[in-house]
Amino acid sequence: MIGGDGSAATAQGVIKDSNTKNFMVDVIEASRQAPVLVDFWAPWCGPCKQLGPLLEKIVKEAKGAVRLVKINVDENQQLAAQMRIQSIPAVFAFANGQPVDGFMGALPESELRQFITRITAGAKGDEVGAMLEAAEQALAANDLAAAGQLFAQVLQIDRENIKAIAGLASAQIRAGDIEAAKATLALVPPSKASHPDVASVRAQLDLAGKAIDPAAIKKLASAVERDPADFQSRYDFAVALNSAGRREEALDQLLAIIGKQRNWNDDAARKQLVQFFDAWGPKDALTLAGRRKLSSLLFS
């Protein structure tokens, strides 16, 4: 019991008694690994005896997602004064070395669970954010194995994380594993099917089926050179260039069609260009530049 005889000093390494001397290690440093709840109590405090067992129970059930450190205020008066403890029980939550939340008094079990859920969710959010950032950097560097692994780890924490689903599918498309990408996209919840990241990957998936070999690209280039008004060849040339990673050239070819005959083939060039933008992503530098050029042509 917390605040009792100290018999539950540890429980799977997540519950412990501490003091002023060890506060830095047991709370501040430990909170960089997982959120730490600090329970300030005293043996004579009746409400502490009510709160303590509930805290231990919920922390044990969390299985390492949160830790509990118990501080006897009678034995650590200086620390209690530094923390401005005015009444007990008092519980403070630490994460990443900083106090992030807390409460005083004995809360009912339902409110305790809500409090701990809020603390652990915030910590998971930080973890997921860092993993997503690393995954996106790996994807940008074309380190597909690392990116795929990181996106998959995020999905183990949050199965419906749209950025992770889209990122993993994108890495799979780049690696040529189209069937795996389709399976990953199947994880998208119906309510998020129209999310921009999902639309981008669907566009990538569609374009992945339009790859053309170098000989075909050369043949199309010759056709456009022979007849600049051969818009079908120019259109096919743009699609082939994009498949070959020559995105800026592909952009220029479609803009050339729009500039010469805006409504050619039921506005096909503009529609294809929009699909390119979707596949490249809304924040891509070429997407931003291409949209400006397209607007200039359409509204000139």
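Using a 4.0 Å cut-off between a side-chain N of Lys or Arg and a carboxylate O of Asp or Glu, Asp39 and Lys70 do not qualify as a salt bridge. Electrostatic pairing of Lys271 and Asp266 counts as a salt bridge here, judged by a charged N lying under 4.0 Å from a carboxylate O.
The 12-atom threshold is exceeded at CZ of Arg291, counting heavy atoms of other residues, nucleotides or ligands nearer than 6.0 Å. In Glu225, the CD atom is not crowded: 12 or fewer heavy atoms of neighbouring residues, nucleotides or ligands sit closer than 6.0 Å. The environment of NZ in Lys192 is crowded: more than 12 heavy-atom neighbours from other residues, nucleotides or ligands sit within 6.0 Å.
Residues Gln275 and Gln272 have side chains that bring a donor and an acceptor to within less than 3.5 angstrom of each other.
In this structure, Ser18 and Val27 have side chains that are not in contact, with every pair of non-hydrogen atoms separated by 4.5 Å or more. Proximity of Trp280 to Leu288: side-chain heavy atoms (C-beta onward) are nowhere separated by under 4.5 Å. Looking at heavy atoms from C-beta onward, Leu297 lies out of side-chain contact with Arg262 at the 4.5 angstrom threshold. In this structure the side chain of Gln232 reaches within 4.5 angstrom of the side chain of Asn265, judged on heavy atoms. Side-chain atoms of Ile162 and Val188, non-hydrogen and from C-beta on, do get closer than 4.5 Å to each other.
Each of Asp252, Asn242, Asp284 was compared with Arg247 under the side-chain hydrogen bond (donor to acceptor under 3.5 Å, both in side chains) criterion, and only Asp284 meets it.
Under the 30°/60° scheme for interplanar angles, the aromatic rings of Phe94 and Phe23 are found to stand perpendicular.
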Problem set entry | Intermediate values then yes/no, side-chain contact (heavy atoms from CB on, under 4.5 Å), Leu51 and Leu112 | CA-CA 9 Å; Leu51 178 66; Leu112 279 179; 3.6 Å; yes

For this session: Test side-chain contact (heavy atoms from CB on, under 4.5 Å) on Tyr235 and Ile257 and set out the steps.
Result: CA-CA 8 Å; Tyr235 176 93; Ile257 295 174; 4.0 Å; yes

Problem set entry | Stepwise side-chain contact (heavy atoms from CB on, under 4.5 Å) check, Glu111 with Phe103 | CA-CA 11 Å; Glu111 293 185 31; Phe103 64 87; over 6 Å; no

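Linking Ile, Leu, Val, Met, Phe, Trp and Tyr residues whenever their side-chain heavy atoms come within less than 4.5 Å places Leu254 and Leu286 in a single cluster. Linking Ile, Leu, Val, Met, Phe, Trp and Tyr whenever their side-chain heavy atoms come within less than 4.5 Å leaves Ile15 and Phe92 in two separate clusters. Hydrophobic clustering (side-chain heavy atoms under 4.5 Å, transitive across Ile, Leu, Val, Met, Phe, Trp, Tyr) keeps Ile71 apart from Phe115. Follow the hydrophobic side-chain contacts under 4.5 Å out from Met83 and you reach Val36 in the same cluster. By the criterion of side-chain heavy atoms lying less than 4.5 angstrom apart, applied directly or through intervening Ile, Leu, Val, Met, Phe, Trp or Tyr residues, Val25 is not grouped with Leu79; the two fall into different hydrophobic clusters.
Between the Ser296 side chain and the Arg292 main chain, no donor and acceptor come within less than 3.5 Å of each other.
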